[in-house]
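Remember, predicted model here, so these are calculated numbers, not experimental data. Scope of the values below: all heavy atoms of this structure, side chains included, with no hydrogens, waters or symmetry mates.
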2 protein chains.
Amino acid sequence: MKVSKLQMAEHRDQIIESAARQFRESGFDGISVSDVMKEAGLTHGGFYGHFDSKEELMALASQRAVHKSVSKYAKIIEGAPQKPLMTLVESYLSSRHQAHPETGCLFAAVGSELARQPSSVKHAVMQEEAKLLELIARIVPGRTKAAKRRRAIAVFAELVGAMILARCVPDPELSKEILATVSDSVAAGQ
Amino acid sequence: MKVSKLQMAEHRDQIIESAARQFRESGFDGISVSDVMKEAGLTHGGFYGHFDSKEELMALASQRAVHKSVSKYAKIIEGAPQKPLMTLVESYLSSRHQAHPETGCLFAAVGSELARQPSSVKHAVMQEEAKLLELIARIVPGRTKAAKRRRAIAVFAELVGAMILARCVPDPELSKEILATVSDSVAAGQ
DNA sequence: ATTATCTATAGATCTATAGATAATGC
DNA sequence: ATTATCTATAGATCTATAGATAATGC
C-alpha cells in the first residue's frame, strides 16, 4: 500500500488539482474530502496523511486555481501584444468560460463563499490575486502607475461581477447580453 | 399546538424572512432547515407544513431578499433626486454594506452559489432582478432606453463584483481601496 | 373534526481518527 | 523499520417523514 516519495508527491499534487477543479464546480460546501480523494484515485482515509484538514486543502486548492489563472492570462497577453486588454476580456467573458467554472476564475466560481472562509484561505488566495491585479494593471490605460492600478481594480470587479450575474440568470439570452454588454463597456473605457 | 390562520401566515412570513437573512449570512449550504426554524421560533419538523422542500424556501427567501433591495434602492433614489446614481452607488459600496451581507444584496452575498442552484431558484430571483435593472436604468446616463439598459448592466456588474472582491480580501485597507476605486470609476462613467 | 406544530427518528451524509496492511528505503 | 494508504468507524451533522398533541374553527 505504501508508495514511493515521488509517487506520494504526485498524489498530493493530484489531490490539490482535483480539489481546485471540484471546488470551483460545486463550491467548498458542495464537495467532500471523500469526493476529492475519489477523483484523485485514492481512498478517503488517506487524505489526512497529506493535509491537516479540509480547510488547508481549500487554501491550497484556491491558491492553485488563481495561480493557474495568472499563468493563463499572462500567456494570453503575450499572444496578443497589439490589443492585450480586449483579448483578455473576450476570453474572460466568453460563453466558454461561463459554461466551465471548474477550470475558470476562482472568484467568479466561488467568490461569495470565499468571502466567508477563514483568513487562512483568504490569505492564500490574496497572494496570487495581487499578481493578477498587477498583470491587468500592465495592460489597462492610465498615465501613472496608480491610475493603472485603479483602472485594473475597476476592470477586474466588472469582469467578476458580469460572470457571476451571467451564471445566475436562467435565460441564456440574458446571459449573453450581460457578457456582451460588459465586454463593450470595458472596451469603451479603452 | 395549532395556531390561527393569521398566526400561521405570520409564521410562514417569519420563516422566509429568517431564511433570507441567514442564507445571505452563511450561504445556502451553511444554513439548515433547522437553523431557519429555530430563528423563526418554531421547531424543525413544522417546516414541512409550510413548504415542500428546502429548495422551495431558497427560491422564496432569495426572491424576497432581492425584492427588499429593490424597495430600498427605490427609496434611496427618491430621497436624492439631484444625484440618484452616486447616492445609490455610495450606499451599495459602503463599508456598512460590506460588513452586513445578511441584510444586503443577494448577488453579492450568495451570487456564486446561486449560479449552481436549480432553475426554480434562479427564476424566482430573476423576476425581481429585472426590476432592479430597470430601476438602475432610470438613473444612469444614456441617450436611448437601450443605451441606459446597457449602462445599467455594466454598473450593476461592477457593483456586485466590487463587493464580492472586497469581502474576499483579508486586508481591510485593500477592501476600502476596492470599494473607493470602483465608486470613483462608476462616477467617472457619469 | 380539522390541522398547525411538536417529538422522535430514519436514512444519508459529513469530517476526522484508529488500527491494519503492505511496499519503500535505510 | 518506517510509513503511505486502506478499511472501518465514531460522532456530528443534514433533509424529510411519521405519528402524537392540542388549539382552532366549522
Side-chain angles (χ1 to χ4, degrees), chain A residues 1-62 110 113-114 116-118 120-121 124, chain B residues 1-23 25-62 110 113-114 116-118 120-121:
Chain A
M1 300 271 162
K2 190 186 172 186
V3 299
S4 70
K5 281 189 177 181
L6 175 67
Q7 185 74 257
M8 193 194 178
E10 281 172 7
H11 284 170
R12 180 188 161 91
D13 192 74
Q14 186 54 50
I15 295 168
I16 294 173
E17 205 64 36
S18 294
R21 206 192 66 76
Q22 293 187 101
F23 284 148
R24 278 178 288 180
E25 183 169 288
S26 309
F28 295 120
D29 291 345
I31 289 295
S32 68
V33 167
S34 176
D35 292 329
V36 173
M37 292 302 276
K38 201 173 287 167
E39 193 177 272
L42 297 163
T43 55
H44 176 188
F47 176 83
Y48 295 91
H50 289 277
F51 309 99
D52 283 346
S53 64
K54 187 181 179 185
E55 182 180 323
E56 190 187 341
L57 180 65
M58 282 163 42
L60 290 165
S62 298
V110 299
E113 291 140 280
L114 179 57
R116 292 189 300 268
Q117 297 309 319
S120 68
V121 181
Chain B
M1 300 268 166
K2 191 185 170 186
V3 299
S4 70
K5 282 188 176 181
L6 176 66
Q7 185 72 258
M8 194 195 178
E10 282 172 6
H11 283 169
R12 181 187 161 90
D13 192 75
Q14 185 54 50
I15 295 168
I16 295 172
E17 204 65 35
S18 294
R21 206 192 66 76
Q22 292 186 101
F23 285 148
E25 183 168 287
S26 309
F28 295 119
D29 291 344
I31 288 295
S32 67
V33 167
S34 175
D35 292 330
V36 173
M37 292 302 276
K38 201 173 287 169
E39 192 178 271
L42 297 163
T43 55
H44 177 188
F47 176 82
Y48 296 90
H50 289 277
F51 309 98
D52 283 346
S53 64
K54 186 182 179 184
E55 181 180 324
E56 189 187 342
L57 179 64
M58 280 162 44
L60 291 165
S62 299
V110 299
E113 291 140 282
L114 179 57
R116 292 189 299 266
Q117 297 309 319
S120 68
V121 181

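In this structure, the NE2 atom of A:H11 is 13 Å from the C1' atom of C:dA23, given to the nearest Å. Here the P atom of nucleotide D:dT13 and the NZ atom of B:K38 are 9 Å apart, to the nearest Å. Put simply, CE on B:M8 is 4 Å from P on C:dA4, counting in whole angstrom units. Atom NE2 in B:H50 sits about 8 Å away from atom P in C:dA4, given to the nearest Å. The separation between A:L6 atom CG and C:dA23 atom C1' is 15 Å, rounded to whole Å. Taking atom CE on B:M37 and atom P on C:dT5, their separation rounds to 7 Å, with Å as the unit. The CZ atom of A:F51 sits 10 Å away from the P atom of D:dT5 (whole-angstrom rounding).
Put simply, the side chain of B:S62 reaches to within 4.5 Å of the side chain of B:F28, judged on heavy atoms. The shortest distance between side-chain heavy atoms of A:S4 and A:M8 does not fall below 4.5 Å. Side-chain contact between A:T43 and A:M37: absent, with no pair of heavy atoms (C-beta onward) separated by less than 4.5 Å.
Taking the side chain of B:S4 as heavy atoms from C-beta on, and the options D:dT24, C:dC14, C:dT5, the nearest nucleotide is D:dT24.
No hydrogens or angles were tested; on distance alone, nothing pairs the side chain of A:K2 with the base of D:dT3 as donor and acceptor under 3.5 Å.
When all heavy atoms of A:V110 and A:G27 are compared, the pair lying nearest together is CG1-CA, 4.0 Å.
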Notebook entry, point to check: Taking it one step at a time, do B:K54 and B:I31 satisfy side-chain contact (heavy atoms from CB on, under 4.5 Å)?
Noted result: CA-CA 10 Å; B:K54 186 182 179 184; B:I31 288 295; 5.7 Å; no
Next item on the list: For the pair A:E17 and A:R21, evaluate side-chain contact (heavy atoms from CB on, under 4.5 Å) and give the outcome as yes or no after the intermediate values.
Entry: CA-CA 6 Å; A:E17 205 64 36; A:R21 206 192 66 76; over 6 Å; no
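Across all strands shown, C:dT17 forms a Watson-Crick or G-U wobble pair, both distances under 3.5 Å, with D:dA8. Taking a pair to require two hydrogen-bonding distances under 3.5 Å in either a Watson-Crick or a G-U wobble arrangement, D:dA22 pairs with C:dT3.
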Under 3.5 Å, N/O pairs linking protein and nucleotides 15-19 of chain C:
from, atom 1, to, atom 2, distance (Å)
C:dT15, OP1, A:K54, NZ, 3.0
C:dT15, OP2, A:V33, N, 3.0
C:dA16, OP2, A:Y48, OH, 2.9
C:dA16, OP2, A:K54, N, 3.1
C:dA16, N7, A:H44, NE2, 3.4

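Of the two residues near DNA chain D, B:K5 and A:T43, the one whose nearest nucleotide lies more 5' is A:T43. Heavy-atom distances to DNA chain D give each of B:V3 and B:D35 a nearest nucleotide, and the one nearer the 5′ end belongs to B:D35.
Between A:R24 and A:E113, none of the side-chain N atoms (NZ, or NE/NH1/NH2) sits under 4.0 Å from a carboxylate O, so this pair counts as no salt bridge.
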